[in-house]
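Okay, structure first, notes after.
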Amino acid sequence: MPRKKRLTAFILIFFLSGIYVFIFGESGLLERLVLEKKRAGFIENIADLKEENKRLRELLNRYSEGRLSEKDILDSGFTAGDERILSLHGVKDQDDKVREPADVLESAVRLSHLRIIWVVVSMLILLFYFSRKEKREEAEDNAY
C-alpha cells in the first residue's frame, strides 16, 4: 500500500476514533451533558431540602416557644374531649413532596446505544472506504 493511501486510511481511522472518544466516550461531550443534567437535579433537590429544613426549624421554634395553633395540636394527634381522629390510608397530604429520580438510567441506556451505533457506523465507513479503494486499484490495474 503506497504511503499516501496509508496516511489517508490512518487519518480516517484517527478521525472516527477521535469522534468516538470526544463525543461518545465516557468522558466525552454527551456524558458531560448527562452529568450536568444530574448535577442540576441535585442542586434543585438541595434547594428543596434547604427550604424544607427552614420550614421545619420555624415549626420547631414555634413549638418550643409554646405558640401552638389548633391545627398544630390536631396534627400532633391530640384531640379535645370526645373528638375522634379519622385516618385515611393511601391519601397523601399536599405538603408531602414525592421526589422522582431523574431519568439517569434512561439517559445512560440511550448513550450506550449511541456508542454502539457509532461503532457500527464507523465500521461501515471504513468498510466502504477500503472496498472503494480496492475497486479503484483494480480499475487502475486493468487500465494498464
Interatomic spacing from OG in Ser112 to CG in Leu30 - rounded to 0.5 Å: 12.0 Å

Glu58 bridged to Arg55 by N-O distance under 4.0 Å: no

Heavy-atom side-chain contact between Leu60 and Leu56 under 4.5 Å: no

Within one Ile-Leu-Val-Met-Phe-Trp-Tyr cluster: Phe130 and Phe15, side-chain cutoff 4.5 Å: yes

Side chains of Arg6 and Phe10 in contact at under 4.5 Å (non-hydrogen atoms): no

Verdict with supporting geometry, Arg115 and Glu31, side-chain contact (heavy atoms from CB on, under 4.5 Å): CA-CA 11 Å; Arg115 288 178 181 148; Glu31 185 71 31; 3.2 Å; yes

Donor-acceptor pairs under 3.5 Å, side chain of residues 16-27 to any protein atom, not counting sequence neighbours: which ones?
| from | atom 1 | to | atom 2 | distance (Å) |
| --- | --- | --- | --- | --- |
| Ser17 | OG | Ile13 | O | 2.7 |

Euclidean distance, Leu127 CG relative to Met123 CE, rounded to 0.5 Å: 10.0 Å

Nearest-0.5 Å distance, CD of residue Glu36 to CG of residue Leu33: 8.5 Å

Common cluster, Leu29/Val119, ILVMFWY with side-chain heavy-atom separation under 4.5 Å: yes

Ile117 CD1 to Ser122 OG distance, which is reported to the nearest 0.5 Å: 11.5 Å

Separation between CD of Glu51 and CD1 of Ile46, rounded to the nearest 0.5 Å: 14.0 Å

ILVMFWY cluster, Leu114 and Ile125 together (side-chain gap under 4.5 Å): yes

Taking every non-hydrogen atom, the tightest pair across Tyr129 and Ala9: OH-N, 3.8 Å

